[in-house]
Structure formats: structure tokens, C-alpha cells
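Worksheet: one structure, shown below.
What you see is a predicted model, and the numbers here were worked out from it, not measured in a lab. Reckoned from all heavy atoms, side chains included, excluding hydrogens, waters and symmetry mates.
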Amino acid sequence: MKLSTFRLMLKEGIINIYKNKLMSLASMTMVIASLIILGLFLLFALNLIVNIEEIKKQPEVTIYCDHELDEEGILNIERAIKEDERVREYTVKTKQEAFEFMKDILEENKDVLEGYSEEIMMVSFEVSLYNPENSPAFVETMESIEGIWRIKYSQEVVEFITRLVYWVNLISIFIVAILLVISVFIISNTIKLTVFARRKEVGIMKYVGATDWFIRWPFIIEGIVIGILGSIISYILTSYGYNVLESAVNSGEFKSSLIFTGMVKLDIIGSQLFIIYAIIGTIMGAVGSIVSLRKHLKV
Amino acid sequence: MIEFKNVSKHYENGTIALRDATFKVEKGEFVFIIGPSGSGKSTLVKAMMKEENATNGDIYVNDYKVTDLDRRQIPYLRRSFGVVFQDFRLLPNKTVYDNVAFAMQIVEAMPKEIRRQVPMALALVDLSKKAKAYPHQLSGGEQQRVAMARAIVNSPCLLIADEPTGNLDPDTSLEIMKLLDEINQRGTTVVVATHEKHIVDSMKKRVIELEKGVIIRDQKKGFYKNEA
């Protein structure tokens, strides 16, 4: 296609959008609605995944040593943990630390500890693994070591997290796919109305010898421009809403919660989100118009 | 230029629109295709443009074998000649100038070329002053002249007109015919399908007469009624 022809088609497409203001607005609203829903879903899934990663970093295994275990025995256990390849990191909680922690928990009622010393507490290790799924096997290894009173690990939580990630991924793909199909269907119907209103014109163009693509391009450009405008507006709306929510959440009480680590900042993901919007908006517009044109080109 | 060899057209409802039509039009000729409504004139013109497919026979137009043409090649066939219709078929949202320019845009002519040719075509049909008007602001005769400017702007060697004066009063009709004659004088082959006696009689050109799909007369310098 020659540059002059492309310019002509671009002009034609944009003029058409302006001439069919109402239709264009309807299509654009649809693009905006579906992109925003899509964006919310993507952002939710992303935040969930990021937070799940954070949860995974928390100690999933706590090993309590025997109350009377001597220094030698404790070192022995520590060595075993240190040398295990599955362990990402571990921390030791001394009797002193455990006693202080207990006091903190009891707050006003800490008098109950009156008369007791740290000797009633036990030394413990908080262990994180590289892969939480390995915790049952790791626990089994540890149990064979002498001097361990008890091992606590939350295999169920770990399994739940793993399952959740799986389902979040699956459901997001599913919902996004459905949304895209619905959007293309609605855009194609809107553009179909435009084409139908101009079917006589299309007929005349064909009588004068215009090729199918020559007739198609202005409609496709019309669809693409609608898609791009829609994606820009969607991005502005989404980022504004997300920023409001993000600053409220990250400065609020959730921040201190143990499990929830806060929402991802938009600066980090904004450009990717915009690219996703632009690509999907463009494709929706183009596919929508191509689908709607098939029928009316047979003259 | 144009050749029909034993062309027939049967419609699915049983109507036979053309029966074994055979004729030839040479370069530079001016030919009337005449006959009452339903005689097959329109079918003949539509078959030339590949708007209708012939049931039997071969049609050649401007080196294209129309009867064997692939759907994708139809636009190129249609660009090889200019067409004028009874109902003008102008693009309502475009100005007179843009309607004429459109025929050049679809063949991807250079903008410079378009700016040169369109005013010339408009001058030929005497519509230079109405270049910025829209079709609905023009009279029937003016609209048909725009359609003629569009048909000749690419300087085709063939111009096909299907009932070009069907929607016009007698005076305007004669004006249009004069214009067609002028275009023919410049070397363009002109084929006009019509059922209007007075324009055929005033021109004294070759006449091909159809009746119930059969060519019953092919006469040089003929009249509407056979007076030979």
C-alpha cells in the first residue's frame, strides 16, 4: 500500500469515528469496560501471587528442643539444620528471647510469670525451606535426631497456598478468555451496524472497482483507533483507582498484618499494564471490524 | 474490445434473460443496446461487469475473459472501464470533487496526478464550479455528469452506461448524450443500454436490439424502430 493511500484511509477511518459519534462511543465504552475488568483481574491475581511469594518466605517449620538439652545437643541440631540442602534460612530463638516474647504476648498479665525464669522456656529454630512442598520430608529427617521435643509445621497451609496459586492462574485465564470473546462480539456488532448503515456505499465502491481490502481498511482503522482510545482511557481510570486503593491499603492497618505484605506499587507494573491494554484494545478493534465486514463485501 | 460468444443467462426461477447472444464491439465504436424493459439489456450489461454470471458462453472485455474471472480479479476488470448507472450511484458523504477523486484513489494514483486529473474531468462535464457541493445539493442531470466525470477520470478506453438518462427529463437526457458523444469523439468506446427512443434516434449510431433475450437486430446508424 502506498503512503498516500494509507494516509487517505487513516483520515477516512478517523472521520468515520467522528461521523458516527454515538456508535463509536458505544464501542469505546465496551472496550473500556472490558479492559478495566480485565485489568482489575490481572492486578488482583498479580497482588495475590506476590503476596503468596511473601507468605512462602515465612518460617514454615519450627523445631523445639528438649527442655533439658545441653549446649552440645542444641549445636548438634543446629548443625543438622545448617547442613540440610533444603533449608533456605533459619533463626535460633534462645530461652531468653522466648521468655521475652512470652512476656510481650501476655502484656498486662505478665505477673503470672512472676517467680519464673527463662529456664522454663526452650530453645527453638525457625526454619524456611526453598520449596515449602518439601516440608514433610524435611520434618521426617529432623525427627530422627535426638533431643527434639516437638516439630511444628503447617503442611496444610502450604498445600493450600500451592493450590490457590494454581486455581488463581487457571481462573484468570478462563475469565480473561471469556471477557475477550464477549468484547469482540460486542464491538463487531457495533461496527456491523456502521457497515450496515453504509452498505450502499460499500456497493458503489465495489462497482467502481475498489478491492475488498481497499474497502476494509478504513473500517479496520476505525476499529483500531476506537480500541486504542479505549485502552488509553481504561489505563487512566485503572491507574487512578489502583493508586487510590494502593496508598490507602499500604498506609493502613493491613500493613502490620503478618500475612499480608501490601500491594504492589503501580510504577513497577504500570508500563506492562498499559502495553497489555494497548495490544488487546487494538486486537479487539481490528478483529471486531474484520468479523463484521465479511458479510457485506459480496457484491 | 467487447466480445460475446453464444452467451445465455438462465435465472433460477426459470426466466431466460439472454439466449445465445453473439456480437462484437470494436475499439472507438458507439453502440446502443436497446429493447423494452425485460428484454435482457440490464442482464447483458451486468454480465459484462461480472455482476451476474453468464450460464453459458464466453464474454471478453478489455482482454479479460469475464466468464472465467476469479472473484478477486473483478475489481481489476471493473477498473478497466468506466460505468454510469441510471441511479448515478454517487457516494453521498463525499463532495463532487471527492467522488471523482475516489475512482483514482482506488487505483492508488499519485496525489499530484489526482489533483491534475479531477479538475480536468470536472471541466469536461462543466461542473468545475460545483466541486465542493455534495450530491444531494445537485440536480439529477448534474449528478449524472458527476458520475460521468468519475467514469472517465482514469481515461478508460471503454465507457458503459446502463440507462444513463432513465431518471432525467428529455432536455437533460440529450445533454448527457452529447457528452457521451464527445467522450466517444476522443477515442473512448461507448456502450449505452437504453429504452428511450428519442435519444437513440437523435444520435444515429450502431444499434443492437434485444427482444426476450434474443438479439433481433444489429444495425449500423440505426434508429430505435427498424426502418430499414
| message | Would you compute the distance between atom CD1 of B/Ile74 and atom OH of A/Tyr207 and round it to the nearest 0.5 angstrom? | response | 11.0 Å
| note | Taking every heavy atom of A/Gly209 against every heavy atom of B/Arg79, the minimum-distance pair comes out as O-NE, 2.8 Å
| query | With a cut-off of 6.0 Å (strictly less than), are more than 12 heavy atoms of other residues, nucleotides or ligands near CG of A/Leu22? | reply | no
| request: Name the region of B/Asn154, side chain, backbone, both or neither, that has any atom closer than 4.5 Å to a heavy atom of chain A. | output: neither
| request: Below 4.5 Å from any heavy atom of chain A, which atoms of B/Phe81 appear? Answer side chain, backbone, both or neither. | output: neither
| field | B/Gln105 and A/Glu12: CA distance, side-chain angles, deciding distance, side-chain contact (heavy atoms from CB on, under 4.5 Å) verdict | value | CA-CA 12 Å; B/Gln105 284 159 353; A/Glu12 194 88 348; over 6 Å; no
| Pair B/Arg71-A/Asp212, side-chain contact (heavy atoms from CB on, under 4.5 Å): steps then yes or no | CA-CA 10 Å; B/Arg71 204 183 100 78; A/Asp212 287 355; 2.7 Å; yes
| At a heavy-atom separation under 4.5 Å, does B/Arg72 approach chain A through its side chain, its backbone, both, or neither? | neither
| Can you tell me how far the CD atom of B/Glu108 sits from the OG atom of A/Ser4, to the nearest 0.5 Å? | 7.0 Å
| said: Using side-chain contact (heavy atoms from CB on, under 4.5 Å), reason through B/Arg78 and A/Lys206 one step at a time and then give a plain yes or no. | reply: CA-CA 8 Å; B/Arg78 290 182 185 170; A/Lys206 296 217 71 178; 4.1 Å; yes
| Given A/Ile215, A/Val208, A/Thr211, the one that forms side-chain contact (heavy atoms from CB on, under 4.5 Å) with B/Ile106 | A/Val208
| note | When B/Leu90, B/Leu91, B/Asp87 are each screened for side-chain contact (heavy atoms from CB on, under 4.5 Å) with A/Ile204, the one that passes is B/Leu91
| request: For atom OH of A/Tyr240, decide whether the heavy atoms of other residues, nucleotides or ligands shown that lie under 6.0 angstrom number more than 12. | output: no
| field | Interatomic spacing from CG in A/Leu8 to CD1 in B/Ile114 - rounded to 0.5 Å | value | 7.5 Å
| field | Atom NZ of B/Lys130: over 12 foreign heavy atoms under 6.0 Å | value | no
| request: Count the heavy atoms belonging to other residues, nucleotides or ligands that lie under 6.0 Å from CG of B/Asp70, then report whether that count exceeds 12. | output: yes
